[in-house]
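The structure is given below, and queries will be raised subsequently.
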Amino acid sequence: MGSRRGVVRSVSVALASAVVAMTGAGAVAAERTVTAAGPCTYAHLSVQPKVVLSVPYRTLAATVTTDCQDFEYFTNTWDSWVGVAGGAVQGTVIFTTSASTVTRGIDEYPQVPDTARLGVWTWTPQRTLPPLALADLNTVRMDVRLGSASYVAARRSGATVTVSTRSYRYWTSTHAFGPWGRATGVIEWRTTGTTAWHGLKNVYADDLGRYSYRYTVSAVREYRVRMFDQSYVWGFPSAAPARA
């Protein structure tokens, strides 16, 4: 490491090829300089645990905490983690300090394209410098799935209420939202002026993401639809309730 300040630091996520490029950029220090400034016993990565991909490219936040103090180097140094999903490396987190005094700290912010592998990424220690060992760096998980959006409408005819829902999800093939066919969820209701939602009817959308339910009720209620998570899609409740 070029500079350790014992506080939360920003980290960067780059694709695995970035590691190769950085390694060839210059000499790397063999170990941290030992001083009486204080301990140097850990470096812990923190990433966003739930990542929603609804655009072609996302910039994410991540931090590293460490008790290592300031050290000075004449060469580039870093601690790194690799993110693995489906048995393949998806990216690399690098906590770095350049030999230049004007480029210490952030290298670049985490990036996740919608072409990356979906599912759980496990960030595993890849590299560090003495006195730290790889066991002093933590392992952390990040769940990457596609985003979704749902809408609900309700209309009344006498004592009969019809609740209709539409569900959409992000598609990597078009880099845009489209119908979420065969999505599942639940229609919920609440009394106007209250906050507690109650389950009414399970949703099984058709190929175009549509579902409709009709029932008899005299009281005026508010309705929403809450879609369930799927393996590679996050489900969310509809943003605006309908009233009937």
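Since the structure is predicted, the reported quantities are computational estimates derived from the model, not experimental observations.
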Within-4.5 Å side-chain heavy-atom neighbours: Val51 and Trp121: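 The answer is no; the side chains never approach within 4.5 Å.
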Parallel, tilted or perpendicular: rings of Tyr168 and Tyr151 (30°, 60°):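 Perpendicular, since the angle between the ring planes exceeds 60°.
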Non-hydrogen side-chain atoms of Leu137 and Leu132 separated by less than 4.5 Å: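 With C-beta onward as the side chain, the pair touches.
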Heavy-atom check, side chain of Val225 versus side chain of Tyr211, under 4.5 Å: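 Counting from C-beta outward, Val225 and Tyr211 never come under 4.5 Å.
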Check: His44 main-chain N/O paired with Trp81 side-chain donor or acceptor under 3.5 Å: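 It does not hold such a pair.
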Under 3.5 Å: donor-acceptor pair, side chain of Gln126, backbone of Ser80: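 A pair under 3.5 Å: no.
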Contacts of type side chain to side chain contact (heavy atoms under 4.5 Å, CB included), residue Arg226, not counting sequence neighbours: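 Expected list: Val186, Glu188, Arg224, Phe228, Pro237.
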Nearest heavy atoms of Ser54 and Gly147, plus distance in Å: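 Ser54 and Gly147 have their closest heavy atoms at OG-CA, 3.4 Å.
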Pairwise distance CD(Glu222) to OG1(Thr192) - rounded to 0.5 angstrom: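 So the gap between those two atoms works out to 4.0 Å.
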Heavy-atom pair of closest approach, residues Ala176 and Tyr170: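 Nearest heavy atoms, Ala176 then Tyr170: N-CE1, 3.5 Å.
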Short side-chain to backbone donor-acceptor contact, Trp171 and Pro179, under 3.5 Å: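 Yes; at least one donor-acceptor contact below 3.5 Å.
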Rounded distance [0.5 Å steps], CG in Leu53 versus NE2 in His175: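 One finds 11.5 Å between CG of Leu53 and NE2 of His175.
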Distance (rounded to the nearest 0.5 Å) between Leu118 CG and Leu146 CG: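 Here the interatomic distance stands at 4.5 Å.
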Asn202 and Thr184, any side-chain heavy atoms less than 4.5 Å apart: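 They are not in side-chain contact.
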Side-chain donor/acceptor of Ser148 to backbone N/O of Trp234, under 3.5 Å: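 Yes, because the side chain of Ser148 sits within donor-acceptor range (under 3.5 Å) of the backbone of Trp234.
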Within-4.5 Å side-chain heavy-atom neighbours: Arg190 and Pro241: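 With C-beta onward as the side chain, the pair touches.
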From CG (Leu134) to CZ (Arg127), nearest 0.5 Å: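 Here the rounded value is 10.0 Å.
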Pairwise distance CZ(Arg141) to OG1(Thr124) - rounded to 0.5 angstrom: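 Answer rounded to 0.5 Å: 10.0 Å.
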Heavy-atom pair of closest approach, residues Asp114 and Thr172: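 For Asp114 and Thr172, the tightest heavy-atom pair comes out as O-CG2, 3.3 Å.
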Pair listing, salt bridge (charged side-chain N to carboxylate O under 4.0 Å, His left out) test, anchored in residues 142-159, at least two apart: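 As it turns out, the salt bridge (charged side-chain N to carboxylate O under 4.0 Å, His left out) pairs with a partner in residues 142-159, which skip direct neighbours, are Asp143-Arg145.
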Rounded distance [0.5 Å steps], CG in Asp206 versus OG in Ser212: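 That separation rounds to 10.5 Å.
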Side chain Trp123, main chain Asn138, donor-acceptor under 3.5 Å: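 No; judged by distance alone, with no hydrogens or angles, the pair does not exist.
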Transitive ILVMFWY side-chain link Val144 to Tyr232, under 4.5 Å: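 As far as the 4.5 Å side-chain criterion goes, Tyr232 and Val144 are connected within one cluster.
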Chi angles and distances behind the side chain to side chain contact (heavy atoms under 4.5 Å, CB included) call for Tyr215, Leu200: CA-CA 10 Å; Tyr215 80 120; Leu200 177 62; 3.8 Å; yes
Cluster link Val217 to Val163, ILVMFWY, side chain under 4.5 Å: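 In one cluster: yes.
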Close side-chain approach of Val52 to Phe236, heavy-atom, < 4.5 Å: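 In short, these two side chains touch, coming nearer than 4.5 Å.
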Closest approach of Gly235 to Trp180 (non-hydrogen atoms, all atoms of both residues):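 Residues Gly235 and Trp180, closest heavy atoms: CA-CH2, 4.3 Å.
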Working for side chain to side chain contact (heavy atoms under 4.5 Å, CB included), residues Gln48 and Arg58: CA-CA 12 Å; Gln48 188 173 326; Arg58 278 206 59 191; 3.9 Å; yes
Stepwise side chain to side chain contact (heavy atoms under 4.5 Å, CB included) check, Val140 with Ser46: CA-CA 7 Å; Val140 65; Ser46 177; over 6 Å; no
Check against side chain to side chain contact (heavy atoms under 4.5 Å, CB included), Asp136 and Thr41: CA-CA 7 Å; Asp136 300 319; Thr41 62; 5.9 Å; no
Heavy-atom side-chain contact between Tyr42 and Thr65 under 4.5 Å: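 Yes - at least one pair of side-chain heavy atoms lies under 4.5 Å apart.
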Side chain proximity check, Val47 to Leu60, heavy atoms < 4.5 angstrom: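 Sidechains of Leu60 and Val47: no contact.
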